There are 2 protein chains.
Amino acid sequence: MTHSPNLSLYVTPPGSKATSRDEQIVRELLQAIVDRRLRPGTRLPEDSLGEAFKVSRTTIRKALQKLAQQRLVSMEHNRGARVAQPGRKEAADVFKARRLIEVALIPAVYENRHSDAYKELHDLVAQEKAAHREGKFQEEVQLSARFHVQLAVATGNLILGEQVAQLTSLSSLIISLYGTSSSVGCDCGEHTELLKLIESNQVAEAQTWMDHHLDAIYQTINTTQDSGDDVDFKSMFSA
Amino acid sequence: MTHSPNLSLYVTPPGSKATSRDEQIVRELLQAIVDRRLRPGTRLPEDSLGEAFKVSRTTIRKALQKLAQQRLVSMEHNRGARVAQPGRKEAADVFKARRLIEVALIPAVYENRHSDAYKELHDLVAQEKAAHREGKFQEEVQLSARFHVQLAVATGNLILGEQVAQLTSLSSLIISLYGTSSSVGCDCGEHTELLKLIESNQVAEAQTWMDHHLDAIYQTINTTQDSGDDVDFKSMFSA
DNA sequence: GTATACACGATTGTATCCAATCCTGATATT
DNA sequence: AATATCAGGATTGGATACAATCGTGTATAC
């Protein structure tokens with residue numbers, strides 16, 4: 001039903017619909033950005049990307065535009081697109097917004113705790129722990145993000161799900177900019193706590209837990225580190 | 001700084017930047033939709049629009065795409081674009097999301113109650129009352145929406161401002177679909193109450209006020225039947 | 001040696017073009 | 001009479017072409 005490429009990155013609805021070519025590209029670029037294979041500030045020329053994906057600039061532009069509207073890439077007039085570099089203020093705003101929303105949606109998750117969407121959370125935690133044990137760092141980060149998105153989806157509210165998905169993607173980008181290795185490691189494996197609190201009817205405690213959880217992630221964003229090397233898109237997206 | 005056409009509809013930052021042609025079109029269409037001059041379900045053929053705005057289809061497509069990502073227009077493959085017709089579920093989700101977010105952001109507004117953005121709220125209320133006295137109905141509705149967006153902006157968080165702006169635009173569309181004249185009239189002129197509560201440090205009361213306020217709007221659309229010339233059979237016969 | 005002016009290359013912005021798809025109406029068949 | 005089939009027109013999807021703009025590098029003037 002929904003056509004949000006951002007949400008579809010995290011949740012894979014059973015009926016996988018026929019995604020158009022440009023949405024596939026959106027997803028691949030999105031994945032590359034949150035995986036930190038495309039660093040903030042990286043230029044995204046339409047020609048090279050079109051060549052890499054074997055489509056014309058028209059399709060690439062459509063994809064870049066969608067990403068731009070999510071603030072994941074920035075487009076300046078006559079200067080092209082590049083992976084966004086949110087300022088410190090914007091970074092703070094993203095995390096504040098996440099705290100505000102994700103804390104507030106917990107009661108709704110509690111209401112829906114018997115839904116299928118909620119059960120999915122346990123699977124995600126299990127996968128997350130497995131990835132942690134096996135040292136699959138990249139995968140663990142990915143699963144951690146998916147957990148937060150799934151929590152929003154578990155309210156049964158798709159609009160909220162999309163909003164949180166967008167904020168989560170932005171968070172990955174921000175951590176890629178300002179974060180250290182501890183930024184992503186700090187929240188490993190403790191998501192079980194939250195589920196326990198919810199299932200034992202401790203909604204208020206679950207909310208404070210989430211508040212601290214997100215604050216902890218935000219606090220780790222302190223040191224700057226910039227990058228800006230050109231990337232070989234062909235080898236990255238070799239069809 | 002920000003490039004959100006949706007937010008720019010409501011707040012006019014002092015430095016009005018050079019907006020590109022397609023963003024002007026986005027704004028005009030957006031305005032037409034929330035003003036109910038373009039009813040839900042109205043087809044939006046690229047040729048006619050291009051002719052009307054005196055640009056090529058390329059530019060129109062870009063504009064339509066941006067609106068589609070905001071869920072204000074729906075685009076089906078090879079079937080073109082039309083003004084969105086959110087189903088009852090989606091409509092409910094939008095208002096639930098608004099309640100959740102707008103209630104939760106009130107403490108942040110309280111913190112920022114000495115900012116310029118907050119002072120703007122008083123101006124809006126004054127204009128709103130003036131419009132009500134003079135019977136300028138359309139304008140009053142517009143100002144009511146701007147108040148809610150400005151409230152989010154008054155948190156100092158632009159990300160939240162955009163989120164709320166998007167939800168507010170969608171609300172206008174939904175009211176246009178399912179609402180009656182009472183839907184928009186019910187909240188007239190009472191925004192002063194909220195400001196009073198905030199300024200007298202009654203944050204919790206302000207929150208319950210907002211909760212009831214948004215619930216009241218939602219209830220008017222929840223009970224009424226479909227309006228408009230062409231009927232939304234999907235929501236009527238619940239697919 | 002420094003700074004300004006200009007020209008060239010690269011990249012984006014917009015328009016137009018052609019193929020693919022869908023809807024409508026008409027015709028044919030049972 | 002009802003359903004199925006098929007052609008025509010209209011509209012979109014995607015690629016290409018041309019114009020506009022920006023950045024860079026070089027040359028020239030002081």
Side-chain angles (χ1 to χ4, degrees), chain A residues 3-5 17-29 38 40-85 228-234 236-237 239, chain B residues 3-5 17-29 38 41-69 71-85 229-234:
Chain A
H3 246 266
S4 159
K17 61 207 71 209
T19 49
S20 55
R21 186 82 184 96
D22 67 280
E23 288 221 7
Q24 292 176 19
I25 294 172
V26 168
R27 278 227 296 276
E28 287 212 47
L29 288 173
L38 282 176
T42 307
R43 292 197 55 192
L44 301 169
E46 299 171 357
D47 289 346
S48 338
L49 284 173
E51 208 171 314
F53 287 109
K54 287 173 184 164
V55 292
S56 76
R57 283 177 47 213
T58 309
T59 307
I60 294 294
R61 286 181 64 103
K62 204 192 308 199
L64 288 178
Q65 227 168 39
K66 290 185 180 177
L67 289 167
Q69 203 156 349
Q70 311 238 358
R71 291 178 166 272
L72 285 163
V73 318
S74 62
M75 299 183 74
E76 279 178 287
H77 192 70
N78 276 322
R79 289 231 219 121
R82 57 182 61 210
V83 179
Q85 294 175 292
D229 301 324
D230 275 342
V231 182
D232 180 27
F233 297 113
K234 277 216 200 101
M236 182 174 286
F237 299 114
Chain B
H3 246 265
S4 159
K17 61 207 71 211
T19 48
S20 55
R21 186 84 185 94
D22 66 281
E23 287 221 8
Q24 292 177 17
I25 294 173
V26 168
R27 278 227 296 275
E28 288 211 46
L29 287 174
L38 281 176
T42 307
R43 292 199 56 191
L44 301 169
E46 299 172 356
D47 291 347
S48 338
L49 285 174
E51 207 171 315
F53 287 108
K54 287 173 185 164
V55 292
S56 76
R57 282 176 47 212
T58 309
T59 307
I60 295 295
R61 289 183 59 146
K62 201 189 317 198
L64 289 177
Q65 229 169 33
K66 290 185 179 177
L67 288 167
Q69 202 157 349
R71 292 177 165 274
L72 285 163
V73 318
S74 63
M75 300 183 71
E76 279 179 285
H77 192 72
N78 276 322
R79 290 233 216 117
R82 57 181 60 208
V83 180
Q85 294 174 293
D229 308 329
D230 36 36
V231 187
D232 180 21
F233 295 112
K234 276 240 187 74

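Every chain is numbered from 1 and lettered A, B, ... according to where its sequence line falls, protein lines coming before strand lines. Computed from a prediction, not measured in an experiment: that's the story for all the values here. All values below come from the heavy atoms of this structure, side chains included, with hydrogens, waters and symmetry mates left out.
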Undergrad: Taking only residues two or more places apart in sequence, or in another chain, which ones meet B/Gln24 in a side chain to side chain donor-acceptor pair (under 3.5 Å)?
TA: B/Arg21

Undergrad: How is B/Thr58 classified with respect to the nucleic acid when contacts are heavy atoms under 4.0 Å: base, sugar-phosphate, or nothing?
TA: base

Undergrad: To the nearest Å, how far apart are B/Ile25 CD1 and C/dG13 P?
TA: 15 Å

Undergrad: Nearest whole Å is fine: how far is C/dT11 C1' from A/Glu76 CD?
TA: 14 Å

Undergrad: For A/Pro40 and A/Ala84, which heavy atoms make the closest approach, and how far apart are they?
TA: CB-O, 3.3 Å

Undergrad: Below 4.5 Å, heavy atoms only, C-beta onward: do B/Lys66 and B/Glu23 meet side chain to side chain?
TA: yes

Undergrad: Quickly work out the B/Glu46 CD to C/dC17 C1' distance and round it to whole Å.
TA: 15 Å

Undergrad: Atom CG of A/Leu64 and atom P of C/dT11: how far apart are they, to the nearest Å?
TA: 14 Å

Undergrad: Quick one: side chain to side chain donor-acceptor pair (under 3.5 Å) partners of B/Glu28, sequence neighbours excluded?
TA: none

Undergrad: Got a sec, which residues hit side chain to side chain donor-acceptor pair (under 3.5 Å) with B/Arg61, two or more places apart in sequence or on another chain?
TA: none

Undergrad: Starting at NZ of B/Lys54, measure out to CD1 of B/Ile25 and round the result to the nearest 0.5 Å.
TA: 12.5 Å

Undergrad: Any chance you could lay out the side chain to side chain contact (heavy atoms under 4.5 Å, CB included) test for B/Leu29 and B/Leu64, step after step, and finish with the verdict?
TA: CA-CA 9 Å; B/Leu29 287 174; B/Leu64 289 177; 4.3 Å; yes

Undergrad: Under 3.5 Å, side-chain donor or acceptor atoms of residues 43-50 of chain B against the rest of the protein: list the pairs with distances, not counting sequence neighbours.
TA:
residue	atom	partner	partner atom	Å
B/Glu46	OE1	B/Arg57	NE	2.9
B/Glu46	OE1	B/Arg57	NH2	3.1

Undergrad: To the nearest Å, how far apart are B/Gln65 CD and C/dG13 P?
TA: 14 Å

Undergrad: B/Ile60 has an atom CD1; how far is it from atom P of C/dT14, in whole Å?
TA: 12 Å

Undergrad: Rounded to whole angstrom units, what separation is found between the CG atom of A/Asp47 and the C1' atom of C/dG13?
TA: 13 Å

Undergrad: Could you run through nucleotides 18-24 of chain C and give me one letter per nucleotide, 5' to 3': B if any protein heavy atom sits under 4.0 Å from the base, S if only the sugar-phosphate is that close, - if neither?
TA: ---SSS-

Undergrad: Report yes if the side chains of B/Asp22 and B/Val55 come closer than 4.5 Å at any heavy-atom pair, otherwise no.
TA: no

Undergrad: Need two values: the first and the last nucleotide of DNA chain D, 5' to 3', having an atom under 4.0 Å from any heavy-atom of chain A.
TA: D/dG14 to D/dG23

